[in-house]
Participant: 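Pasting in a structure now, in structure tokens, and then I'll have a few things to ask.
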Amino acid sequence: MSTKRINKDYSAPEMNQSDVRERRFSFNIGTILFGAIFIYIIITLVLYMTAGHVVSYRVTAGPLAQNQVYTALCVRSEQVVRAENSGYITYYAKENNKIRKTGTVFGIGNTKSETRLDEITDEEYRDMQNRLENFAGSFNPSNFLDAYNFGYEIESTLLSAQMPDHDGNTLGGTMTVNDQVLNVAPSDGVVVYAMDGYEDYDPLQVSAADFDSKQYVKTKLKTDETVSAGSPVYKLVDSETWSILVPLTSRQIVQLDGRTSIRVKFLKDSKTQTGKLTILTGEDGAYYGRVEFTSGMIRYINDRFLTVELVTNTQTGLKIPVSSVVNKRFYTIPEEYAALGGDSNNIGFLKQVVNDDNAASIIFTETSLYEHKDGVYYIDNEELTAGDILYKESDHTDTYTIGETAQLEGVYCLNQGYAVFRKILILDKNEDYCIVEKGTGYGIRQFDYIVLNASDVKEDEITSKR
């Protein structure tokens, strides 16, 4: 039996020469394109990294600087009233309320005075009910002392119903109620049932130690226990005139030099008030500002220390960096040479043009305006240059030759992606920032973007801002 050998060729199919050239040519084109794109990206990155970038600044509104905040010491005309006899105290005057001279403040005797609800009127009962509801709605458990004060206030209201004059005032002479001798106010004033040792304070003897609030102690005077003769019972603030004292540095003294009055903002309630300003030298040789007021005392009658601002930075406007400011010269053209024309009927000028045949004609040229004041328009040399002859719209015989210039102060605005000059009017400035007037014509507005450093760009230069 014979064996037949079959020979198989497992080699790759034969490729002709044209296929090899096509594949090689295709591979080279892809490599070249990829290499070109890669080189382009590298060059772009290098140019971006080495190019100067314009830094922008967003225009804000406000004062040049924040006003200085102080811890102020309140000084009032206060007198402490003491008990003439020993015994139990019954309080009739409401705390922090005004009372007139001879008005009943408290009674003192050997027994406590009892209140009777059947002796108050329906109107007084409804008033107390409303006050209880309001207190319950605003009560803060962290200030539990307020509950005691409110209890004394309600008690005073109930007791006042038993007074002969019913409004808490005596009718003259010594009077007694429920076996207690009534004591009246020595003068008009506001009743306070607390003292802190500053009642006889002399502001001319001020020192830094007086502002140490950590050592401050306030004593409540209302009590259910017996008091001894000579014990303090209440404090009477007998004048609407009051003042605050604030410590000052040498720099602040310079800022306040020449001022006789100043506006003060009380941060407790954000109210402001203007007072008379004097500068004092304390016993420790330091400087202190004293601001005296003739109203508003009762708002802060329970405060010895207040956080305040002396409003010295009153100039407000648009706040921009000093580095943004640039000076530029412009051609000045009398306003009577302005004309209206163009597709948008904008302001421009009638300019004389001479052709190659020396024939003169007049054309309307619209220009960018940068200021209009004192009867003069300010333009740059974009469309008009020195030596150009302008005509009046109403009379083509009068001419004006461009040549006179004037300088404007301004900034470069970036809102449109390129630097455009906008004029400013500086109201105030320091080493870093300027306050410029709001709402000026041809000027900037709040939230505009301007060049932070004016020396970084040229006008009309397209910028890459960041």
Side-chain angles (χ1 to χ4, degrees), residues 59 61 315-320 322 324-355 358-429 434-451 454-455 457-463:
V59 177
Q315 197 70 268
T316 61
L318 300 178
K319 185 177 180 180
I320 64 172
V322 172
S324 299
V325 180
V326 64
N327 292 305
K328 182 179 177 180
R329 299 201 72 84
F330 293 87
Y331 293 122
T332 56
I333 302 176
E335 62 183 8
E336 57 264 29
Y337 286 89
L340 297 177
D343 296 335
S344 57
N345 205 33
N346 289 335
I347 293 178
F349 298 92
L350 299 177
K351 180 177 70 171
Q352 176 182 290
V353 177
V354 179
N355 60 21
N358 290 326
S361 62
I362 299 175
I363 64 171
F364 175 81
T365 303
E366 187 176 332
T367 62
S368 298
L369 304 177
Y370 294 88
E371 174 63 298
H372 179 212
K373 67 177 182 179
D374 301 328
V376 171
Y377 282 108
Y378 288 66
I379 66 168
D380 63 8
N381 58 357
E382 291 178 347
E383 297 87 7
L384 300 175
T385 60
D388 284 346
I389 298 175
L390 306 181
Y391 289 87
K392 288 183 179 181
E393 186 176 24
S394 59
D395 185 357
H396 289 182
T397 59
D398 290 339
T399 63
Y400 177 80
T401 303
I402 296 177
E404 293 186 14
T405 63
Q407 186 171 270
L408 288 178
E409 205 165 33
V411 296
Y412 288 124
C413 185
L414 298 174
N415 290 348
Q416 299 175 352
Y418 54 89
V420 178
F421 182 90
R422 292 287 182 263
K423 68 128 185 186
I424 58 173
L425 178 60
I426 296 179
L427 302 175
D428 197 6
K429 65 187 297 185
C434 301
I435 294 296
V436 303
E437 188 176 281
K438 291 182 179 180
T440 57
Y442 310 99
I444 57 175
R445 300 291 184 269
Q446 187 176 0
F447 307 127
D448 281 352
Y449 284 95
I450 63 174
V451 176
S455 58
V457 297
K458 295 180 180 178
E459 191 168 5
D460 295 328
E461 178 182 18
I462 297 177
T463 63

Participant: Under 3.5 Å, side chain of N355 to main-chain N/O of N358, donor-acceptor pair present?
Facilitator: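 It does hold such a pair.
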Participant: Parallel, tilted or perpendicular: which fits the ring planes of Y370 and F330, with parallel below 30° and perpendicular above 60°?
Facilitator: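 Tilted.
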Participant: Go through N346 and L340 one step at a time and tell me if the side-chain contact (heavy atoms from CB on, under 4.5 Å) criterion holds.
Facilitator: CA-CA 5 Å; N346 289 335; L340 297 177; over 6 Å; no
Participant: Check whether any side-chain N or O of Y331 sits under 3.5 Å from a backbone N or O of A386 as a donor-acceptor pair, and report yes or no.
Facilitator: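 Yes.
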Participant: Using atom types as modelled and distance alone, determine if a side-chain donor or acceptor of S324 lies under 3.5 Å from a backbone N or O of V451.
Facilitator: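 At least one qualifying donor-acceptor pair exists.
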Participant: Could you state the interatomic distance from CD (E393) to CD1 (I362), rounded to the nearest 0.5 Å?
Facilitator: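 CD1 of I362 is found 11.0 Å from CD of E393.
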Participant: Taking all non-hydrogen atoms of both residues into account, name the closest pair between Y378 and A406 and its distance.
Facilitator: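 Closest approach of Y378 to A406, heavy atoms only: CE2-CB, 3.5 Å.
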Participant: CG of L390 to OH of Y337: how many Å apart, nearest 0.5 Å?
Facilitator: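 With rounding to 0.5 Å, CG (L390) is 8.5 Å from OH (Y337).
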Participant: Looking at every heavy atom in both R422 and C413, which two are closest together, and how far apart are they?
Facilitator: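 The pair with the smallest heavy-atom distance is CG-CB, 3.9 Å.
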Participant: Say you draw a straight line from CD1 of I320 to CD1 of I450; how long is it, rounded to the nearest 0.5 Å?
Facilitator: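 Reported value, rounded in 0.5 Å steps: 5.0 Å.
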Participant: Take L318 and Q446, measure what side-chain contact (heavy atoms from CB on, under 4.5 Å) needs, and give me the verdict at the end.
Facilitator: CA-CA 7 Å; L318 300 178; Q446 187 176 0; 4.0 Å; yes
Participant: Taking the six-membered ring for Trp, are the ring centroids of F349 and Y400 within less than 6.0 Å of each other?
Facilitator: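 Aromatic pair excluded; centres sit 6.0 Å or further apart.
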Participant: Ignoring hydrogens, what is the shortest heavy-atom contact between I424 and G410? Give both atom names and the distance.
Facilitator: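 So the two residues come closest at CG1-CA, 3.6 Å.
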Participant: Would you give the length of the straight line joining atom CG of D388 to atom OG1 of T401, rounded to the nearest 0.5 angstrom?
Facilitator: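 Reported value, rounded in 0.5 Å steps: 9.0 Å.
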Participant: Between V436 and L425, does a side-chain contact (heavy atoms from CB on, under 4.5 Å) hold up when you go through it step by step?
Facilitator: CA-CA 5 Å; V436 303; L425 178 60; 5.8 Å; no
Participant: Considering residues, nucleotides and ligands other than E404, do more than 12 of their heavy atoms fall under 6.0 Å from its CD?
Facilitator: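 No - once you tally the heavy atoms of other residues, nucleotides and ligands closer than 6.0 Å, there are 12 at most.
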Participant: Please answer whether the main-chain N or O of Y449 pairs with a side-chain N or O of N415 as donor and acceptor at a distance below 3.5 Å.
Facilitator: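 Yes, N415 side chain to Y449 backbone: donor-acceptor pair under 3.5 Å.
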Participant: Between CZ of R329 and OG1 of T405, what distance do you get to the nearest 0.5 Å?
Facilitator: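 Taking CZ in R329 and OG1 in T405, the distance rounds to 3.5 Å.
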Participant: For the residue pair K429 and C434, what are the closest heavy atoms and their distance?
Facilitator: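 Heavy-atom minimum between the residues: CB-SG, 4.0 Å.
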Participant: Can you list the steps and then say if T332 with Y377 is a side-chain contact (heavy atoms from CB on, under 4.5 Å)?
Facilitator: CA-CA 6 Å; T332 56; Y377 282 108; over 6 Å; no
Participant: Say you draw a straight line from CD of Q407 to CG of N327; how long is it, rounded to the nearest 0.5 Å?
Facilitator: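 The CD atom of Q407 sits 4.0 Å away from the CG atom of N327.
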Participant: Counting distance only, does the side-chain N/O of R445 pair as donor-acceptor with the main-chain N or O of T440 below 3.5 Å?
Facilitator: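 Side chain of R445 to backbone of T440, a donor-acceptor pair under 3.5 Å: yes, one is there.
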Participant: Can you name the closest pair of heavy atoms from I347 and A338 and give their distance?
Facilitator: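 The answer is CG2-CB, 4.0 Å.
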Participant: How close do L408 and F421 get, counting heavy atoms only, and between which atoms?
Facilitator: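 So the two residues come closest at O-CZ, 3.9 Å.
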Participant: More than 12 heavy atoms of other residues, nucleotides or ligands under 6.0 Å from NZ of K392: yes or no?
Facilitator: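 More than 12 within 6.0 Å, yes.
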